[in-house]
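Working notes, beginning with the structure itself.
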Amino acid sequence: MPEGPELFLAGQYVNRVCGGLVFSGKVEKSEISATQGGDQKPMDLVFRFGMSGSFKMVPVAEMPKHAHLRFYTKEKPLRVLCYVDVRRFGRWEVDGSWQADRGPCVMLEYEKFRENVLRNLSDKAFNKPICEALLNQKYFSGIGNYLRAEILYRLKIPPFEKARTVLEKLQHREETSGLTLSKKVKLKRENPDLLELCHMVPMEVINLGGKGYEPGRSEDYTAFVGWLQCYYVPGMKSLRDSNGRTIWFQGDPGPMAPKGNKSRKKQSQVKTDPGASKEKSRKKQLTVKTDADTSNPKVRKPVARKKSRTTSPPKAVEEARKPRKKPGTKTVKKVEDAAMANGTKTPNTRSKRKSAALQESPATDSESQKCRASSQKNRGKAAATTRARRGKAQ
DNA sequence: CGTCCACGTCTAC
DNA sequence: TAGACCTGGACGG
C-alpha cells in the first residue's frame, strides 16, 4: 500500500472509520503472548508501511492474516482496527516523529518541497539519473516506484537523464516574469513541469478515491490499474536502475542508462520463440481479479525480463485501462490517543521462525520504541510450510 | 517443486 | 553497491 497517496488514503480511511468511536482494552500484537495494553496517556504512533502495510477495520471474526497491531472498539459489535503488513517491512514507532532526513511532502507541502529541491541542486543526490533521484525521500518524500514512472512518462523525460540537468531548467521557470496571474495558472495547469507533476500525479491517485496501489478484486483497484499510463503497462519498456529497481518508461532511456542494458523495443503481443534467445523471458502480471460470476477477466500480462535487459511486455488487455476520474479530496486529521504495547522485534529466517515464533526480544535500542511487525504464528494448513531461503545469509 | 517478482528502506562489507 | 529483510502470487518444469 505504500507510496505517498496510499499513506494519505490510509490516514483518511482511519479517520473515517474511527470517527466517533471509542477503543478500549488491550492493544494487541500479533503474538498471543506479547502484549500489553495499558493506558492511557495520549501518544503518537508513527507507522511506516514498508512494501505492504495498510489499515483495516473489521469485525473481530474477520481478523486478517498478518494483522500485527490491533485496536479493539469498546462498543459491542466488537470490531478491530488492524495494522496489516504481509511482508513485515513496515514498522511502528511509539512517540515517533517525522524522520529527520525526510523532505517536505510532495502532496501536502508542495511549495516547500519545490524549494527544497531547487535550492539544493548542488547536492550530489542530483548527480544521479532522474529516475533514481526521484526515489530519494530527502527530496521527493512520497514518490515511489510507480509514481516516478508515471511522472517521467507525462513529460517523456528519459529516466536516465542526469537529475541536475533536468531540474536546472526549472529554475528559470521560477521567474515567470511578464505573465499575468491567470496566465501563470493556466501555464501551470496545461504545461506542468516535473516538480509540479510530483504533486499533481499523486493527487490524481488520491482523487481516484480508492486505496491506490492495492491489488485485489475491487473496483477501486481496477480504476487504479486503468489510471496507470506507464508503470507495468503493455508496450512500455523497463530497465533495472542501479539499485535493482525496475523503471518503466517509453522511448529513450537517456545517457546514464546502465550498461549492458540494450534498449530494445519489442512489439506487443509477440511471443518469444521457445529457446530462441539467451535472455530468459517470463510473464508477469499486474492483474485485476474479477469475481467468478463476472465473466470479464481483465488481465494484464506484461513480460518482465532478467536483470539488465530492456523489456516490452506483450500487450494483453487494453480494456482494463480506460482513463477516468473522480473528484473529492478531504483533509487528514491526526490520529491520536492510542494506547500502546511495548515494542519488540522478531528476527528470523523462515526456518528459524518455526521454533522462535513465540519468542520476543525486547527492543534493544529503545530511546524510542521501534517495532517491526512481529511474525504471526502459523495457522492451519500453513503450518507445515517451508521454503527455500533466498540469499545465503546466516 | 523451484525461480522470479513486488508499492521500501536499512546496514554491513 | 550488494545484500537482507519477508510473504505470496505467477509462472515454468
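Chain identifiers are assigned alphabetically (A, B, ...) following the order of the sequence lines, protein sequences preceding nucleic acid strands; residue numbering begins at 1 within each chain.
The gap from the P atom of dG3(C) to that of dC4(B) amounts to 14 Å, rounded to the nearest Å. Between dT9(B) and dG9(C), the distance separating the two C1' atoms is 23 Å to the nearest Å.
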(message) Is there a salt bridge (Lys or Arg N to Asp or Glu O under 4.0 Å) between K138(A) and D123(A)? Walk through the geometry before answering.
(response) CA-CA 11 Å; K138(A) 184 175 173 184; D123(A) 192 316; 3.7 Å; yes
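Taking side-chain N and O atoms only, K211(A) has no distance below 4.0 Å to OP1 or OP2 of dC7(B). OP1 or OP2 of dA6(B) has not a single side-chain nitrogen or oxygen of R245(A) nearer than 4.0 Å. T246(A) has a side-chain polar atom (N or O) that falls below the 4.0 Å cut-off from OP1 or OP2 of dA6(B).
Separating the CD atom of E6(A) from the C1' atom of dG8(B) is a distance of 12 Å, rounded to the nearest angstrom. Look at NZ on K259(A): it is 14 Å from P on dT1(C), rounded to the nearest Å. Following rounding to the nearest Å, N145(A) (CG) and dC5(B) (C1') show an atom-to-atom distance of 12 Å. Distance CZ (R91(A)) to P (dA4(C)): 18 Å, rounded to an integer number of Å. Rounded to whole Å, the distance from CG on L7(A) to C1' on dG8(B) is 11 Å. Between L9(A) atom CG and dC7(B) atom P there is a gap of 18 Å when expressed in whole angstrom units. Atom CG of N136(A) and atom C1' of dG8(B) are 13 Å apart (whole Å). Here dG9(C) presents its P atom at 14 Å from OH of Y213(A), a figure rounded to the nearest Å.
With E3(A) contributing its side chain and N145(A) its backbone, the two residues share a donor-acceptor pair below 3.5 Å.
Of the listed nucleotides (dG8(C), dG8(B), dC6(C)), dG8(C) has the atom at the smallest distance from the side chain of H66(A). Residue E3(A) places its side chain closer to dC7(B) than to any other of dA6(B), dC7(B), dG8(C).
Cation-pi geometry between K211(A) and Y213(A) is not satisfied (NZ or CZ under 6.0 Å from the ring centre, within 45° of the ring normal).
The aromatic rings of F55(A) and F49(A) sit tilted relative to each other, their planes meeting at an angle between 30° and 60°. Aromatic ring orientation, Y139(A) versus F126(A): tilted (interplanar angle from 30° to 60°).
Note that CG of N116(A) and CD of E111(A) are 12.5 Å apart. Values are rounded to the nearest 0.5 Å.
Looking at R88(A), its side chain has no donor and acceptor atom pair within 3.5 Å of the base of dC6(C).
Scanning both residues, R79(A) and P59(A), for their nearest heavy atoms gives CG-CA, 3.9 Å.
For the residue pair R217(A) and Y221(A), no side-chain donor N or O sits within less than 3.5 Å of a side-chain acceptor on the partner.
Here F89(A) packs flat against the base of dG8(B); its ring centre is closer than 5.5 angstrom to the base's six-membered ring, tilted by less than 30 degrees.
Residues from residues 97-106 of chain A with heavy atoms under 4.0 angstrom of DNA chain B, sorted by number: Q99(A), R102(A).
The partner of dC7(B), taking Watson-Crick or G-U wobble pairs whose two distances both stay under 3.5 Å, does not exist in any strand shown.
Residue whose closest nucleotide on DNA chain B sits further toward the 5' end, between Q137(A) and R87(A): R87(A).
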